[in-house]
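Report on one structure; see the data block that follows.
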There are 2 protein chains.
Amino acid sequence: MSPLKPGPRPERGDATREALLGAAVTVFARDGFDAARTRTIAAAAGVNQALIGYHFGNKAGLYRAVFEHLAAAIETHLQPARATLAAELGQGTPGRPGRARCLALLGEVTDAFVGLMTSAESAPWARLIIREQQAPTAAFDVLYARVMAPFAQDLEALVTRLAPARDTLEVRLAVLSLIGQVLVFRTARAAVERFTGWRALGEDEVAVVRAHLRDNLRRLFAPAGRRA
Amino acid sequence: MSPLKPGPRPERGDATREALLGAAVTVFARDGFDAARTRTIAAAAGVNQALIGYHFGNKAGLYRAVFEHLAAAIETHLQPARATLAAELGQGTPGRPGRARCLALLGEVTDAFVGLMTSAESAPWARLIIREQQAPTAAFDVLYARVMAPFAQDLEALVTRLAPARDTLEVRLAVLSLIGQVLVFRTARAAVERFTGWRALGEDEVAVVRAHLRDNLRRLFAPAGRRA
DNA sequence: AATATCTGGTCATACGATTAAATTAATCAA
DNA sequence: TTGATTAATTTAATCGTATGACCAGATATT
C-alpha cells in the first residue's frame, strides 16, 4: 500500500466490532445497561472481554455505539416506505394524491410500523428504545433526530392531507394517537397477550391487528358530514 | 418475612417499612432493579441498610413488596371511577344507559386515565410498570390481576355497549387502541415533548390532550350510517 | 520491523447479604 | 409507680463475591 506513515490501516478488527455490537444489542436489550455484564456480551460475541475496552473504551462507549448502529439499521429499514411517500407527496410531483390515496398510504405506513413493532427481530431494538425513553441520555437525541422525527413528519404530512381543517397541534396529536395505537403492542405486550388471550403475536394475529387499525384509520379520518 | 399478625405486638417497625417502600418506589423507578442500590434506598428512607434484609428478606423481596404496595395504591386511586361505572352498568340497575351516556362515561374514564398517565406523582409507578412489561416477573401477575384486568374489563363493558356489532376480539382491540392512545403520553414521553414542542405536560397541555382524545372517541364509536 | 489486535490474568472496588451487639418498647411482678 | 424481663428492632461492621477496568505480554498482519 502506501509506503508513507499515515496509510489507512486495514482495520482488521472490524469483525470483532461487529460481533460485539450484535451481541451488545441483544444483551443490553434483555438485561438493561447495568445488569448487562461485559463478560456476557463478550462471550455471546465469542470474543475476549478486554476487547470491549480496546474497541469502545468501556461499557458506556459500547452502549453509545449500539445506538448509532441501531439508528443506521432502522433508517435503512424504513427507507423504502419513506421513498414511496416522498415520491407521492414531494413538491415536484404533478398530481397530488387524493383523500383515498392518502388513506391507503397511511394504511401502508401503519402496516409497516405494526410489522416492525411486532416482529421478534426488532424486539431488542424496541426494548432499548423504550428503556431510553424512560430516562433519555445523549443516545436518545441521535435516535430521535435520525429515526423518530423523520417518521413522525411523514405521518404528519399524510394526516395534514386527510384532515386539512385541523391546526398543526391537532394534526400532531392525531399522529401521536396513531403511533400510540401501534406502540401499545410493543410497550404493553405482556398485558396485550393476557387481555386478548393470544399466546404470541404471529402472522395471523398481526393481520387482525392491521385490519383493526385500518378500520380505526377510516373512522378517525372520515370526511366530516359523511358516514364514518 | 415480617410477622403478619396485628396482634398484641404493636408492629413498631411499620414506619420503617413504609419509609423503605416509599423510597424504593422512587429509586427502583429511577434506576431499575439492578442499578438500584440498597444503600441508596436505605439512605433515601433515612434508615439503616440492613433493615431491608430484616423487613423484606432481601432486595428482591423489597421489589415484590413495592409492587403489592403499588397495586393497592392504584386500586384505591381508580376506585371512584370503577364505582360509578358499576353503579350505571351493574346488572341490578334498572334503566341501562344509552349510547350518549356510555360515550360520556368512556370520556370520563379516559380523562382519569390521562390524568394518571401524565401526573408527576404517578411517574414512578408508570415507569416501574413499563419496565416490568418488558420482562415480566411474578410481580407483573399481581399487577395485571389486581389493576390492569379490572380496568380493561370496565372499558370492555363500555365499548361493548357502544359497538354492539363487534365481536369480543374486536371490542378488546378497540380497548387496546384506546389504552394505547393514552399510554403513549407516558411510554414515549420524551418523543411526545419533542414532537409537540411542549416542554412539559402541565394542566393546559393535558386539557388539550383530553379534548383531542374525546374527539377521537366520538369518531371511533360513531354510530354506523351517521356523521362522525 | 512496526503496528494493530488479541489474550490471560490481575486488581481495586462496590455490591448484597449477614452477623453480633446495642437499643427500644411492651409486659409483668412487686 | 417501679425495675426486671423479654422480644422486636436497629446499628455498625464485616464478608465473600462479581464486576469493570486495566496491563503486560503474545500473536497476527503488512
Side-chain angles (χ1 to χ4, degrees), chain A residues 1-67 137 139, chain B residues 1-67 131 137-139:
Chain A
M1 290 292 179
S2 31
L4 292 180
K5 30 168 181 160
R9 289 276 156 249
E11 302 279 345
R12 116 185 107 95
D14 273 356
T16 301
R17 261 191 296 275
E18 290 296 322
L20 275 173
L21 281 172
V25 171
T26 307
V27 178
F28 276 135
R30 190 190 60 202
D31 301 341
F33 179 78
D34 289 279
R37 304 300 171 208
T38 54
R39 283 168 173 83
T40 307
I41 295 171
V47 141
N48 190 288
Q49 181 245 357
L51 290 176
I52 290 175
Y54 180 75
H55 284 290
F56 300 99
N58 53 25
K59 189 180 172 182
L62 175 57
Y63 189 71
R64 256 179 274 120
V66 161
F67 269 80
T137 67
Chain B
M1 277 291 192
S2 59
L4 293 176
K5 282 254 184 175
R9 287 280 150 248
E11 299 278 349
R12 124 181 100 96
D14 274 356
T16 302
R17 261 192 297 276
E18 290 296 321
L20 276 173
L21 281 173
V25 171
T26 308
V27 177
F28 277 135
R30 190 189 61 202
D31 301 342
F33 179 80
D34 290 280
R37 304 303 174 208
T38 54
R39 283 166 173 85
T40 306
I41 294 171
V47 142
N48 191 288
Q49 181 242 357
L51 290 175
I52 290 174
Y54 180 74
H55 285 290
F56 301 99
N58 53 26
K59 188 180 174 182
L62 175 56
Y63 189 71
R64 254 179 275 119
V66 161
F67 269 79
R131 274 184 205 279
T137 67

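In what follows, chains are A, B, ... by sequence order, proteins preceding strands, each numbered from 1.
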Spacing of B:Leu51 atom CG relative to D:dA12 atom P, expressed in whole Å: 10 Å
Looking only at non-hydrogen atoms, find the nearest pair between A:Ala24 and A:Val66 and report the distance. CB-CG2, 3.5 Å
Residue pairs involving residues 22-46 of chain A (criterion side-chain hydrogen bond (donor to acceptor under 3.5 Å, both in side chains); sequence neighbours excluded): A:Thr38-A:Gln49
In whole Å, I'd like the distance from the CG atom of B:Asn48 to the C1' atom of D:dA8. 15 Å
Side chain to side chain, A:Asp14 and A:Arg17, heavy atoms closer than 4.5 Å: yes
Using the side-chain heavy atoms of B:Gln49, tell me which of these nucleotides is nearest: D:dA12, D:dA21, C:dA17. C:dA17
Close residues, residues 18-45 of chain B, relative to DNA chain C [heavy-atom separation under 4.0 Å]: B:Ala36, B:Arg37, B:Thr38, B:Arg39
I want to check one thing: is the phosphate of C:dC6, taken as OP1 and OP2, less than 4.0 Å away from some side-chain N or O of A:Thr16? yes
N/O (side chain, A:His55) to phosphate O (OP1/OP2, C:dA4) under 4.0 Å: no
Rounded to the nearest 0.5 Å, what's the gap from CZ on B:Phe33 to CZ on B:Arg131? Could you check? 12.0 Å
For the side chain of B:Tyr54, starting at C-beta, report the closest nucleotide among D:dA21, C:dG16, D:dA8. D:dA8
Contact between A:Ile52 and A:Asn58 at the side-chain level, heavy atoms closer than 4.5 Å - yes or no? no
Rounded distance (Å) that lies between atom C1' of C:dG16 and atom CD1 of B:Ile52: 9 Å
Would you indicate whether the side-chain heavy atoms of A:Phe56 and A:Arg64 approach each other to under 4.5 Å? no
Students often get this wrong, so: under 4.0 angstrom with heavy atoms, is B:Asn58 touching a base, only sugar-phosphate, or nothing? sugar-phosphate
